[in-house]
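Some notes on the structure that comes next.
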Amino acid sequence: MNYQQILDDIYTEIQPYLSKGKVADYIPALAEIPKEQFAMTITLADGRVFSVGESKKCFSIQSISKVFTFTLALNIYSKELYKRIGVEPSGNPFNSLVQLEYERGIPRNPFINAGAIVVTDSLISHYGDEYKALEVIMNFVREISGNEELSFDSIVANSEMEHGDRNRALGHLMKSFSNLDNDVIDTVMTYFKHCAITMNTEELSRAMLFLAFAGTDPISKKTFITPRQAKRINAVMLTCGHYDASGEFAFHVGLPGKSGVGGGIVATIPGKMSIAVWSPGLNKYGNSLAGTIALETFATKTGLSIF
Ligand code: GLN
């Protein structure tokens with residue numbers, strides 16, 4: 001298959017959609033990003049990489065980081081983790097408080113904000129303090145992406161902290177149900193920091209490769225999780241990776257995927273490749289508008305999906 005040609009065609013077809021979305025403005029530091037930008041990268045098992053657009057330009061990965069922290073926590077706690085978070089789609093926006101009250105502080109899944117905050121809390125408890133936990137998260141993402149220099153943007157993290165009342169509210173609510181062990185502010189700040197990691201589509205696509213290949217990176221041959229855990233993470237990406245638009249994403253794209261409000265989306269085609277796409281304009285669910293269409297087009301043109 002001529003992947004480069006397919007990506008080039010997608011790049012042409014996507015142009016009219018770049019102006020359509022709305023950049024996330026509830027994090028002021030993200031509101032300034034020009035939305036007419038696009039990049040897409042695929043990485044294959046043999047190390048071949050195909051890209052189009054601004055694939056070397058870094059952006060805020062935001063909720064995509066939840067895949068990485070969930071991977072780490074699952075590795076440490078295994079089934080025990082599911083006492084504190086579920087694996088059901090929420091059918092609600094990513095920052096909703098409603099369900100959390102009547103489900104007694106147990107978030108529906110690790111990819112909504114409440115669930116990711118619990119995951120971060122579990123890492124802080126395991127590693128002893130928030131600095132060590134953040135260091136482990138950063139080193140893990142550096143290792144899987146192949147970029148030792150990778151870092152987070154403290155301007156974005158602080159900007160989110162200044163406007164983070166809703167996430168703090170989620171933390172306090174869970175603490176009132178004894179589902180948060182550490183200080184709410186420290187935990188939420190650590191969560192904001194890992195959301196503020198900056199990466200480009202080449203790095204992100206590379207970082208997702210181990211999840212497309214049952215937990216073992218086919219290029220470095222390093223195993224990060226068991227095949228069973230990789231299956232679970234992919235399953236949760238498919239059912240919960242796009243919040244209340246997860247059904248729609250599965251329906252149109254047919255791949256496990258995870259989005260972030262920075263405009264990035266990652267997806268896996270198990271046994272074949274990993275994909276990252278970026279375009280900052282979002283649809284009403286907070287998922288990249290052009291990115292979602294690009295992935296749907298890719299699935300259609302290649303005939304590849306998990307179904
Ligand atoms: N840091 C963002 C938040 O907590 C992440 C949300 C997202 O990417 N969907 O609101």
Side-chain angles (χ1 to χ4, degrees), residues 21-31 33 35 58-70 85 89-100 107-121 130 134 137 141 152-174 180 184-199 201 204 208 236-237 239-246 248-249 257-267 276-289 291-292:
K22 193 173 165 292
V23 171
D25 53 8
Y26 74 100
I27 305 174
L30 293 183
I33 314 268
K35 67 180 170 188
C58 288
F59 57 90
S60 198
I61 69 167
Q62 291 297 319
S63 285
I64 294 172
S65 64
K66 295 171 181 172
V67 177
F68 306 137
T69 51
F70 180 44
I85 42 168
S90 68
N92 277 305
F94 59 84
N95 54 7
S96 173
L97 280 145
V98 181
Q99 220 162 31
L100 202 54
R108 274 284 172 111
N109 67 66
F111 294 156
I112 50 173
N113 289 10
I117 292 168
V118 167
V119 166
T120 304
D121 180 61
E130 69 268 27
L134 186 67
I137 296 167
V141 186
F152 69 90
D153 184 338
S154 50
I155 295 174
V156 172
N158 290 334
S159 172
E160 189 163 11
M161 190 62 176
E162 273 169 40
H163 298 82
D165 292 308
R166 187 170 268 274
N167 282 314
R168 284 190 288 275
L170 290 168
H172 285 293
L173 188 56
M174 292 191 288
L180 207 90
V184 171
I185 303 301
D186 292 345
T187 309
V188 169
M189 192 62 210
T190 308
Y191 161 79
F192 290 150
K193 286 178 181 166
H194 72 63
C195 283
I197 293 174
T198 56
M199 293 170 82
T201 56
L204 263 180
M208 291 297 291
V236 184
M237 287 203 293
T239 54
C240 310
H242 285 71
Y243 320 111
D244 40 343
S246 296
E248 217 167 288
F249 188 83
K258 180 77 205 83
S259 70
V261 289
I265 305 178
V266 291
V277 57
W278 171 61
S279 188
L282 308 178
N283 62 22
K284 65 174 181 200
Y285 302 105
N287 303 317
S288 173
L289 188 145
T292 306

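Atoms within a ligand are numbered from 1 in the order they appear, just like the ligands themselves. Just the heavy atoms: all of them, side chains too, but no hydrogens, waters or symmetry mates, feed the values below.
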Leu97 atom CG, over 12 foreign heavy atoms within 6.0 Å: yes

Audit row: Leu30, Ser60, side chain to side chain contact (heavy atoms under 4.5 Å, CB included) steps and yes/no: CA-CA 8 Å; Leu30 293 183; Ser60 198; 3.7 Å; yes

Distance flag, aromatic centroids of Tyr243 and Phe94, threshold under 6.0 Å: yes

Beyond-backbone contact of Lys193 with Ile137, side-chain heavy atoms, under 4.5 angstrom: no

Candidate pair Met174 and Leu100, rule side chain to side chain contact (heavy atoms under 4.5 Å, CB included), full reasoning: CA-CA 8 Å; Met174 292 191 288; Leu100 202 54; 3.6 Å; yes

Close-range residues for ligand 1, whose non-hydrogen atoms fall below the 4.0 Å threshold: Tyr26, Gln62, Ser63, Phe94, Asn113, Glu160, Asn167, Tyr191, Cys195, Tyr243, Gly260, Val261

Asn113-Tyr191 side chain donor-acceptor pair, cut-off 3.5 Å: yes

